[in-house]
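In what follows, a structure is listed as structure tokens, so that the remarks can point back to it.
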Amino acid sequence: MQIILCDSEEQVGRRAADLIEARVRQGPAVLGLATGGSPAATYAELIRRHREEGLGFGAVTAFTLDEYAGLPAHHPQSYHSTIRREFTDHVDLPPRRLHTPHGDAEDLAAEAVRYDASIEQAGGIDVQLLGLGANGHIGFNEPTSSLRSRTRVKTLSGATRAANSRFFEGDGEEVPKLCLTQGLGTICESRQAVLVALGEAKASAVQAMVEGPVSAFCPGSVLQLHPRAAVVLDPAAAGRLTLLEYYREAQALQDDLQ
Ligand code: GLP
């Protein structure tokens, strides 16, 4: 795991955008996209680079991590609408190459299998952007998710529904109870993973993910098994790490090499 310590949310956005841009500039790329507050600065930075520096997404295919069950794509709080509003509608990514699980599919289990297969058919994900839940979830893989799970239907925890109620006018009851999410095994097949975390509320989960044991109880810890994972943190999210000095030193040496 590469730990990248940043001074601010904006810097987190720039460092994560650097990793994504490096791959996009190499030619046709498959990106995995996260929703939520954490990647907002990353998307804002990518949009800026698109507008001001000619970073093109015309050869990019994108897959979101997850989707609420029961919400049609056009629902304002579906992750399909969210990712369009926050990122893809502002760059030249062809809409036909934006893929999200169909939350309103009649057979959700079959839809999950189809979605997992469609990632494989696209050649797999080159760079997977991730956020981290305060309970350690990635995608919607809640604690106790199988470390080798595939895209499937999951039940959202009360904590996640409460956290996401802010997107549903504060009404937790409006947050769907089920979702479709890429599995931990699916996420680990990405060729590169970039996880962004911000704020004190994530500090315990970050510490467990980076320095704790690999455990289904902290799903993000599965990234310890990923061959190329970067964790990009603001000071508050990094606040409980015990080896901060070592990460700083390693980062300075890495930066010198580049
Ligand atoms: C959400 C999403 C995740 C996201 C996480 C953290 O429920 N399903 O993909 O990373 O929870 O959200 P936020 O970045 O808003 O804190």
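In each ligand, atom 1 is the first atom listed, and ligand 1 is the first ligand listed.
- Atom 5 (C) of ligand 1 has as its closest protein heavy atom H137 NE2, 3.3 Å.
- Those atoms of ligand 1 with a heavy atom of N164 less than 4.0 angstrom away are 1 (C), 7 (O).
- Panel note: side chain Q77, backbone F167; a donor-acceptor pair is recorded below 3.5 Å.
- Near G131, the atoms of ligand 1 lying under 4.0 angstrom from a non-hydrogen atom of the residue are 10 (O).
- Of all protein heavy atoms, the one closest to atom 16 (O) of ligand 1 is K202 NZ, 2.6 Å.
- Shown here for A112 and L180, the closest heavy-atom pair between the two residues is CB-CD2, 3.8 Å.
- Considering backbone and side-chain N/O atoms, T160 never comes within less than 3.5 Å of an N/O atom of ligand 1.
- Within the 4.0 Å heavy-atom shell around ligand 1 one finds L132.
- Under a 4.0 Å heavy-atom criterion, R166 is in contact with ligand 1.
- For E142 and K154, the salt-bridge test fails: no basic side-chain N is under 4.0 Å from an acidic carboxylate O.
- Within the listing of ligand 1, atoms 1 (C), 2 (C), 7 (O), 8 (N) sit less than 4.0 angstrom from a heavy atom of Y79.
- For the 3.5 Å distance criterion, the side chains of S157 and H137 fail to qualify, holding no donor opposite an acceptor.
- Using a 4.0 Å cut-off between heavy atoms, D66 contacts ligand 1 through its side chain alone, with no backbone atom that close.
- With hydrogens and angles disregarded, no donor-acceptor distance shorter than 3.5 Å links the side chain of H226 to the backbone of R191.
- When heavy-atom distances to ligand 1 are checked against a 4.0 Å cut-off, S38 comes that close through both its backbone and its side chain.
- In terms of protein heavy-atom proximity, atom 4 (C) of ligand 1 is nearest to T35 O, 3.8 Å.
- A 4.5 Å side-chain heavy-atom check between T61 and L31 finds every atom pair outside the cut-off.
- Of all atoms in ligand 1, listed by their number and element, those nearer than 4.0 Å to a heavy atom of G37 are 13 (P), 14 (O), 15 (O).
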Practice task
List the steps and the verdict of side chain to side chain donor-acceptor pair (under 3.5 Å) for T242 and E211.
Solution key: CA-CA 8 Å; T242 62; E211 298 180 339; 3.0 Å; yes

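- Within the structure, ligand 1 has G139 among the residues with a heavy atom less than 4.0 angstrom away.
- At distances below 3.5 Å, at least one donor-acceptor pair connects side-chain atoms of Y115 with backbone N or O atoms of H99.
- Between Y68 and F140, the ring planes are tilted. Angles from 30° to 60° get that label.
- Set against the non-hydrogen atoms of G36, the atoms of ligand 1 under 4.0 Å away are 14 (O), 15 (O).
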